[in-house]
Amino acid sequence: MSGIIELEGVRKTYRSGSIEFEALRGIDTTIAEGEYVAVIGPSGSGKSTLMNILGCLDTPSEGRYLLAGEDVSQMGEAQLAEVRNRRIGFVFQQFNLLAMLPAWRNVELPLVYAGVPRAERRERAVAALGRVGLADRIDNRPGELSGGQQQRVAVARALVTEPAMILADEPTGNLDSQSTTDVLALLDELHAAGRTIVLITHEHEVAARASRNLVIRDGAITSDEPVGALA
Ligand SMILES: Nc1ncnc2c1ncn2[C@@H]1O[C@H](COP(=O)(O)OP(=O)(O)O)[C@@H](O)[C@H]1O
Ligand SMILES: [Mg+2]
């Protein structure tokens, strides 16, 4: 098997005192480059736990996780932080933008952490904002933008490092229906342009936009199906 994301026997056990809870009970899956995968499941099924592992925010208790060929399952915090910044673009339900900074400064932040020189950072941030349709908003602060525009800034920030994967956790959870439509159309475009996208959602309409749906229930994958034109 070969994919940009490979999970083998991934388990996650939470321990508090003498109480143990197995939130992931053996996840095996491969995601190929360019796939658009939605992970869908009810509240408490293990979506956030899986997202934290995929996003290198946490490591499995057991099993292996290869990201772009690199085994990240045994890494310590410093190494994980480096992989996160280099390989993953995050889009969260809360846009997580810094209110004091204009859009382009928010977008360049991952490049600051990556040590990219200043002039190149600005150029790449402006280009990423152009790709999400905000070329005319580069100097606006988040408070001067609509919710949908703020989420597009967050998508530009996720893109600017050219990550192996865009990981979106309920990206439309805080948006009105028009902004939801805009952000989903943007994800469609990125998918069409060859980006690998993993989207976590509990909404079937959102999941239906992906090319593949992974259904998770009680910490296990219960269904793994192509959707849309591929179904
Ligand atoms: N830090 C934790 N300690 C103990 N149990 C946890 C912890 N985080 C999540 N859980 C439990 O693991 C299960 C899966 O949680 P989660 O991954 O947040 O599900 P979802 O995102 O699908 O709602 C839930 O039963 C939850 O209570
Ligand atoms: Mg959750």
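Atoms within each ligand, like the ligands themselves, are counted from 1 in listed order. This is a predicted model, so every value here is computed, not measured.
- Backbone and side-chain nitrogen or oxygen atoms of F21 are examined, and none is located within less than 3.5 angstrom of a nitrogen or oxygen of ligand 1.
- Looking only at heavy atoms of the protein, atom 18 (O) of ligand 1 is closest to S48 CB, 3.6 Å.
- Minimum heavy-atom separation, Q74 to D71: N-OD1, 4.2 Å.
- Remark: minimum distance from atom 6 (C) of ligand 1 to any protein heavy atom is reached at Y14 CD1, 3.2 Å.
- Among all heavy-atom pairs drawn from Q150 and L97, the shortest one is O-CD1, 3.5 Å.
- Shortest non-hydrogen contact noted between L67 and C56 is CD2-SG, 4.1 Å.
- Checking M51 against the Mg ion (ligand 2), every N/O/S atom stays at or beyond the 2.8 Å cut-off.
- The two residues E162 and R131 make their nearest non-hydrogen contact at OE2-NH1, 3.4 Å.
- Within a 4.0 Å radius of atom 27 (O) of ligand 1, the protein contributes no non-hydrogen atoms.
- Under the 4.0 Å distance rule, the nearest protein heavy atom to atom 13 (C) of ligand 1 falls inside the cut-off.
- With hydrogens and angles disregarded, a donor-acceptor distance shorter than 3.5 Å links the side chain of S146 to the backbone of Q149.
- By the criterion of a heavy-atom distance under 4.0 Å, the backbone of P42, and not its side chain, is placed next to ligand 1.
- With G46, G219, G41 as candidates, the residue nearest to atom 19 (O) of ligand 1 on a non-hydrogen basis is G46.
- Residues E108 and R122 share a closest heavy-atom pair of OE1-N, 4.4 Å.
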Could you go through T29 and R212, starting from their C-alpha distance and side-chain angles, then the distance that decides it, and tell me whether this counts as side-chain hydrogen bond (donor to acceptor under 3.5 Å, both in side chains)? CA-CA 12 Å; T29 196; R212 176 177 163 204; 2.9 Å; yes
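- The protein atom (non-hydrogen) at minimum distance from atom 17 (O) of ligand 1 is T49 OG1, 2.6 Å.
- Distance CD1/I53 to CG/D58: 6.0 Å, rounded to 0.5 Å.
- Using a 4.0 Å heavy-atom cutoff, G44 is listed among the residues neighbouring ligand 1.
- Of all the atoms in ligand 1, the ones that sit under 4.0 Å from a non-hydrogen atom of A23 are 12 (O).
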